[in-house]
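Below: one structure, written as structure tokens.
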Number of protein chains: 2
Amino acid sequence: MQTLDQQVAQRLAASGVRYTSGRRAVVKALTSADGPRSAQELFDELDLPLSSLYRSLAVLEESEVLTPHHGTRGVTRYELAEWAAGHHHHVVCGSCGTVDDVHVDPALEAELERLVAAITDSLSFQPTGHALEVEGRCDACR
Amino acid sequence: MQTLDQQVAQRLAASGVRYTSGRRAVVKALTSADGPRSAQELFDELDLPLSSLYRSLAVLEESEVLTPHHGTRGVTRYELAEWAAGHHHHVVCGSCGTVDDVHVDPALEAELERLVAAITDSLSFQPTGHALEVEGRCDACR
DNA sequence: TTCCTTGCAAACGATTTGCATTGGA
DNA sequence: TCCAATGCAAATCGTTTGCAAGGAA
């Protein structure tokens with residue numbers, strides 16, 4: 001069993017790219033986040049130039065360490081990929097745009113899988129994944 | 001029973017805005033679309049200036065005739081609101097970014113509702129809606 | 001006449017890229 | 001040493017807005 005950092009290092013090495021301090025900082029920040037983060041949000045937290053941040057995010061997405069999440073008003077937020085963060089879904093506040101992770105109970109998740117399968121069954125479409133987004137109003141915006 | 005156009009006209013009138021030819025063109029285009037469309041896509045189809053398109057989309061969203069969908073690469077696509085298009089979900093091609101509507105069988109939809117309720121049950125979150133997005137590869141990109 | 005709406009061009013915000021420099025294996 | 005990575009500034013892309021002209025009630 002390896003640490004997340006070791007697994008990330010391996011993935012990057014496989015693509016022939018380095019796991020530099022800037023990239024480590026991004027992964028670390030996203031590891032402790034409770035939802036996807038935008039480049040700007042990481043910028044505020046990390047003291048790295050924006051352009052480097054964008055480049056790190058692109059590289060990490062390329063290597064499937066991160067997954068992009070396209071949210072309100074044209075901002076892309078990133079989170080650790082499923083293999084690292086575990087499969088989960090999102091609750092999105094329609095008022096402030098905040099996105100929070102929800103880890104769904106395995107029994108419910110299994111039902112959801114079954115539903116997705118039933119839905120795509122009739123389509124000429126190869127499902128590779130699914131995302132359930134629950135919209136609503138968060139505590140703060142109540 | 002009124003036509004869609006009549007209902008849209010009513011909604012707009014309620015907000016004190018006119019249902020102009022440009023706005024009609026947008027609604028018509030989205031009515032016959034099989035998935036959300038971006039301003040650029042409508043521009044290619046409609047011979048209206050981009051800025052007018054954006055303004056029409058904004059007005060129609062404001063009046064809850066259209067709903068925005070935030071997709072790949074920071075582009076916002078619009079579709080008719082649920083009251084007009086019916087509740088449905090999306091299948092998104094991870095390769096070309098195309099988004100297609102899927103109208104889910106009522107029995108399955110009911111199960112989905114129940115699942116969403118079960119999931120949000122434990123959260124201090126007022127759910128107002130949900131969106132299931134199935135990711136995969138479309139026919140063309142197979 | 002009175003507002004709403006439109007078109008054009010300029011402004012914006014998020015993201016990308018060219019290029020010279022730095023840094024790690 | 002050598003190539004990937006970085007930082008800055010300029011460029012791009014999707015989208016918004018100011019302002020003057022056009023249109024409907």
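Throughout, a chain's letter reflects where its sequence line sits, starting with A, and its residues are numbered from 1. Both backbone and side-chain heavy atoms feed into the values below; hydrogens, waters and symmetry mates do not.
Applying the side chain to side chain contact (heavy atoms under 4.5 Å, CB included) test to A:Ala81 and every residue at least two apart in sequence or in another chain returns A:Thr67, A:Trp83. For B:Ser21, there are no side chain to side chain contact (heavy atoms under 4.5 Å, CB included) partners at least two apart in sequence or on another chain. Evaluation of the side chain to side chain contact (heavy atoms under 4.5 Å, CB included) rule for B:Ala85 yields B:Leu80, B:His88 as partners, not counting sequence neighbours. Scored by the ring-ring contact (aromatic ring centres under 6.0 Å, His included) test, A:His69 finds A:His90 as partners (sequence neighbours excluded). Scanning for salt bridge (Lys or Arg N to Asp or Glu O under 4.0 Å) contacts around A:Arg18 gives an empty result, with sequence neighbours left out.
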Report all side-chain donor-acceptor pairs from residues 47-66 of chain B shorter than 3.5 Å, counting only partners two or more places apart or in another chain.
residue, atom, partner, partner atom, Å
B:Ser56, OG, B:Ser52, O, 3.1
B:Glu61, OE1, B:Tyr78, OH, 3.4
B:Ser63, OG, B:Val59, O, 3.0

Donor-acceptor pairs under 3.5 Å, side chain of residues 102-112 of chain B to any protein atom, not counting sequence neighbours: which ones?
residue, atom, partner, partner atom, Å
B:Asp105, OD2, B:Ala107, N, 3.0
B:Glu109, OE1, B:His89, NE2, 3.1
B:Glu109, OE2, B:His87, NE2, 2.8
B:Glu109, OE2, B:His130, NE2, 3.1
B:Glu111, OE1, A:Arg114, NH2, 3.4

Quick one: side chains of residues 29-40 of chain A, donor-acceptor pairs under 3.5 Å with protein atoms, not counting sequence neighbours, listed by atom name and distance.
residue, atom, partner, partner atom, Å
A:Thr31, OG1, A:Val27, O, 2.6
A:Ser32, OG, A:Lys28, O, 3.4
A:Ser32, OG, A:Ala29, O, 3.3
A:Asp34, OD1, A:Arg37, NH2, 2.9
A:Arg37, NH1, A:Gly35, O, 3.4
A:Ser38, OG, A:Glu41, N, 3.1
A:Ser38, OG, A:Glu41, OE1, 3.4
A:Gln40, NE2, A:Asp44, OD1, 3.2

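Ranked by how close their nearest DNA chain C nucleotide is to the 5' end, B:Val17 and A:Arg77 are led by B:Val17. In this structure, A:Thr20 and B:Tyr54 both approach DNA chain D, and ranking their closest nucleotides by distance from the 5' end singles out A:Thr20.
Here the side chain of B:Arg24 pairs a donor or acceptor atom with the backbone of B:Tyr19 at under 3.5 angstrom. Judged purely by atom type and a 3.5 angstrom limit, B:Thr3 uses its side chain to pair as donor or acceptor with the backbone of B:Gln6.
Remark: C1' of D:dC13 and CZ of B:Phe43 are 14 Å apart, rounded to the nearest angstrom. Between A:Leu50 atom CG and D:dA10 atom C1' there is a gap of 15 Å when expressed in whole angstrom units. Rounded to a whole Å, the CG atom of A:Leu57 is 15 Å from the C1' atom of D:dT6. Across the protein-nucleic acid pair, A:Leu48 atom CG and D:dT6 atom P stand 8 Å apart, rounded to whole Å. Separating the CZ atom of A:Arg23 from the P atom of D:dA4 is a distance of 11 Å, rounded to the nearest angstrom. Residue B:Tyr78 contributes atom OH, which lies 11 Å from atom C1' of D:dG14 at whole-angstrom precision.
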Quiz item: Yes or no on side-chain contact (heavy atoms from CB on, under 4.5 Å) for B:Glu113 and B:Val116, after CA distance, side-chain angles and deciding distance?
Solution: CA-CA 5 Å; B:Glu113 304 268 349; B:Val116 170; 5.8 Å; no
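Of the residues in residues 59-70 of chain B, not one comes within less than 4.0 Å of DNA chain C through any heavy atom.
Residue-level contact check: A:Thr76 touches the backbone only, with heavy atoms under 4.0 Å from sugar-phosphate atoms and none from bases.
The shortest non-hydrogen separation linking B:Leu4 to B:Ala84 is CD2-CB, 4.1 Å.
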Exercise. Determine, for nucleotides 18-25 of chain D in 5'-to-3' order, which nucleotides have protein heavy atoms under 4.0 Å from the base (write B), from only the sugar-phosphate (write S), or from neither (write -).
Key: BB---BB-
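Residues A:Val99 and A:Val91 have side chains not in contact (no heavy-atom distance under 4.5 Å, counting atoms from C-beta outward).
One finds the OG1 atom of A:Thr98 at 11.5 Å from the CZ atom of A:Arg137 (value rounded to the nearest 0.5 Å).
Here the range on DNA chain C touched by chain B, meaning any atom under 4.0 Å from one of its heavy atoms, is C:dC3 to C:dA9.
Taken over five-pair windows at either terminus, the axes of the helix from C:dT1-D:dA25 to C:dA25-D:dT1 are inclined to one another by 30° (rounded to 10 degrees).
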